[in-house]
Protein chains: 2
Amino acid sequence: MSSQERSAPRRRNPRGQGQVLKAQLVDAAAKLLSTLDQPETLTLRQVAREVGVAPASIYSHFPDLSALIQHVLRLRYEELARLMDQAAQSAPDPLVDLVARCAAYVRWGVGQPGHYRTLFGGRMPDDLVPGSAHGAGAELLEAVVTSLAAAAEGERKQPSAEQQWQAGLMLWTALHGLVSLYNDHGNIPWPPLDDLIADLLSLHTARPADEIAALLPQCGDAPGLAPDSI
Amino acid sequence: MSSQERSAPRRRNPRGQGQVLKAQLVDAAAKLLSTLDQPETLTLRQVAREVGVAPASIYSHFPDLSALIQHVLRLRYEELARLMDQAAQSAPDPLVDLVARCAAYVRWGVGQPGHYRTLFGGRMPDDLVPGSAHGAGAELLEAVVTSLAAAAEGERKQPSAEQQWQAGLMLWTALHGLVSLYNDHGNIPWPPLDDLIADLLSLHTARPADEIAALLPQCGDAPGLAPDSI
DNA sequence: TGACATAACCAACAGTTGTTCAGTTAGAGG
DNA sequence: CCTCTAACTGAACAACTGTTGGTTATGTCA
């Protein structure tokens with residue numbers, strides 16, 4: 001079924017509008033990356049088939065397949081970062097900020113398993129992952145670290161910078177492990193996701209779980225993709 | 001360099017010893033799986049080249065490539081399970097049992113990044129991962145759950161079965177996230193692994209970190225692979 | 001020594017992939 | 001109308017994949 005030939009031979013774009021094919025290619029690649037079980041088996045010809053275009057036409061817009069994939073990944077990465085910032089921007093205090101940020105992370109990852117796996121699940125060829133040069137999601141990690149540190153302000157014992165770093169790191173690993181396993185092993189009986197998020201943050205902030213749960217934004221709050229963008 | 005032709009045409013095995021090639025194939029596949037960045041790109045011909053044998057010769061020992069990979073994964077999985085059991089078998093109390101078990105898990109995963117990613121990275125086709133049918137490491141998970149529950153015995157509040165399950169699940173996700181990110185993002189400044197393990201278990205058992213750290217078995221304790229098995 | 005089953009090979013198949021390059025089409029500007 | 005060029009195509013390339021059928025070498029046993 002995936003090898004179906006295109007029925008409509010796809011009208012060529014008008015003169016100045018060569019960019020619309022580029023956008024279509026990006027969308028198709030994103031869709032395929034989110035669909036495929038193994039992201040790195042994405043194929044140039046799959047993208048071409050999806051759009052209904054000759055494989056060679058891609059080379060007018062991207063130097064090669066790596067560039068196309070890298071472009072898609074950069075977009076997804078920026079989308080996640082933007083979502084997390086948006087979720088936290090109106091937080092009245094650091095704890096709410098932290099909760100909103102982490103909830104956005106987990107929900108994005110669970111909502112887009114293919115994209116999450118592509119970005120954070122294992123190593124893509126080094127030059128493909130955006131931010132890999134500066135640490136593969138370093139901005140996200142640092143945001144979590146500072147947010148957690150701010151939320152832990154006012155504890156009776158001031159942690160050192162190393163302790164703050166380690167605490168943030170462990171929070172991120174916990175979030176990542178939750179998303180990864182939740183996505184990849186749907187057959188084991190998972191509790192409701194919000195319970196897990198609340199429990200996880202409760203552990204890492206030393207606050208009671210119900211206090212965290214009360215701070216969790218509603219599911220509909222997170223601004224997602226525009227439905228027509230894919 | 002990986003495409004080097006074999007120089008010695010490989011002496012054929014004597015009469016009853018057809019099984020030694022099978023073992024060599026398994027070893028070669030294991031080595032390649034642990035080496036490759038993307039496990040699912042393992043190729044029948046790569047294995048054949050590694051051993052120095054014609055691609056067709058593999059079909060005398062395995063019905064197809066999937067069977068070979070599945071066999072290797074099953075061996076690795078059983079190895080991990082055995083290591084965890086061995087590590088915990090002489091534990092005087094449940095907390096030591098839990099610590100030893102988790103430490104063995106993390107150390108095995110960190111010591112064998114390729115194998116860990118292959119087993120738990122969630123990118124292999126479903127039928128390849130052993131235990132996927134009954135929950136992808138369900139035995140390991142259940143061992144952790146019961147171990148954690150036993151270690152939490154004597155707390156002032158007895159948790160329900162659901163709470164025990166959720167707590168074990170979260171511990172496993174944390175362990176998995178730690179191993180995954182530690183393996184895949186070596187460029188970010190990680191604290192010593194034992195500190196992370198102790199801190200993680202401290203969080204999940206509500207015990208002070210130094211108490212946990214004192215229970216951590218020495219690194220040399222874990223019986224690893226025989227050096228010549230690969 | 002001869003027969004025979006085992007162990008492994010050789011060559012080929014049909015399919016896939018990324019990439020290149022010489023073309024073709026079509027629409028906008030003169 | 002003509003021309004030019006952006007937009008795209010078709011065909012081919014070399015390399016790679018899993019898999020197969022037929023073939024050869026080799027050790028063992030009678």
Side-chain angles (χ1 to χ4, degrees), chain A residues 1-26 28-29 32-33 36 38-72 124-125 127-128, chain B residues 1-26 28-29 32-33 36 38-72 124-125 127-128:
Chain A
M1 56 177 175
S2 68
S3 65
Q4 59 178 358
E5 300 297 325
R6 62 184 178 283
S7 47
R10 180 198 149 76
R11 289 196 48 77
R12 156 202 242 75
N13 281 313
R15 202 64 183 289
Q17 305 301 319
Q19 303 301 324
V20 314
L21 174 56
K22 181 168 186 172
Q24 283 180 303
L25 291 173
V26 171
L32 288 174
L33 272 180
L36 292 174
Q38 301 116 319
E40 59 272 14
T41 64
L42 176 68
T43 276
L44 194 153
R45 298 177 111 100
Q46 283 181 7
V47 179
R49 276 193 293 267
E50 177 77 20
V51 179
V53 91
S57 305
I58 296 184
Y59 289 88
S60 312
H61 300 281
F62 297 95
D64 59 1
L65 175 61
S66 296
L68 171 56
I69 297 181
Q70 192 170 1
H71 190 249
V72 172
M124 292 295 277
D127 57 330
L128 285 191
Chain B
M1 58 176 179
S2 70
S3 66
Q4 58 177 0
E5 299 298 326
R6 62 186 179 282
S7 48
R10 182 199 152 75
R11 289 196 46 77
R12 151 200 243 80
N13 282 312
R15 199 68 181 292
Q17 304 301 320
Q19 304 300 324
V20 313
L21 175 57
K22 181 168 185 173
Q24 284 180 301
L25 291 173
V26 170
L32 289 174
L33 273 181
L36 293 175
Q38 300 119 320
E40 60 273 12
T41 64
L42 177 67
T43 277
L44 193 151
R45 297 177 111 98
Q46 284 180 7
V47 179
R49 276 194 295 266
E50 177 76 21
V51 180
V53 93
S57 305
I58 296 184
Y59 289 88
S60 311
H61 300 279
F62 297 95
D64 58 0
L65 176 61
S66 296
L68 171 55
I69 297 181
Q70 193 169 2
H71 190 248
V72 172
M124 293 302 268
D127 57 329
L128 286 190

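Below, chain A is the first sequence line, B the second, and so on; all start at residue 1.
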Arg49(A) CZ - dT17(C) C1' separation (whole Å)
10 Å
Atom-pair distance (CD on Gln24(A); C1' on dC8(D)), nearest Å
13 Å
Please examine the side chains of Glu50(A) and Val47(A), heavy atoms only from C-beta on, and report whether any two atoms are closer than 4.5 Å.
no
Can you check the Leu44(A) CG to dT16(C) C1' distance for me, whole Å?
13 Å
Respond yes when some side-chain nitrogen or oxygen of His61(A) is under 4.0 Å from OP1 or OP2 of dC8(D), and no when none is.
yes
From dG18(D), dC8(D), dG18(C), nucleotide with atom closest to Thr43(B) side chain
dG18(D)
For a 4.5 angstrom cut-off between non-hydrogen side-chain atoms, does Phe62(A) reach Leu44(A)?
no
Residues Leu32(B) and Leu42(B): closest non-hydrogen pair is CB-CD1, 3.6 Å
Mind calculating the distance between OH (Tyr59(A)) and P (dT19(C)) to the nearest angstrom?
3 Å
Classify Ser57(A) by what it touches in the nucleic acid, base, sugar-phosphate, or nothing, heavy-atom distance under 4.0 Å.
base
Among the nucleotides dT19(D), dC8(D), dC10(C), which one has an atom lying closest to any side-chain atom of Ala56(B)?
dC10(C)
How close or far is atom P of dT16(C) from atom CD of Gln46(A), stated in whole angstroms?
11 Å
Measure CZ/Phe62(A) against P/dG18(C) and give the value in whole Å, please.
15 Å
On a heavy-atom basis, the closest approach of Thr41(B) and Gln46(B) is O-NE2, 4.0 Å
Just how far, in rounded Å, is C1' of dT16(C) from CG of Leu42(A)?
14 Å
For atom CZ of Arg45(B) and atom C1' of dA11(C), their distance in whole Å
11 Å
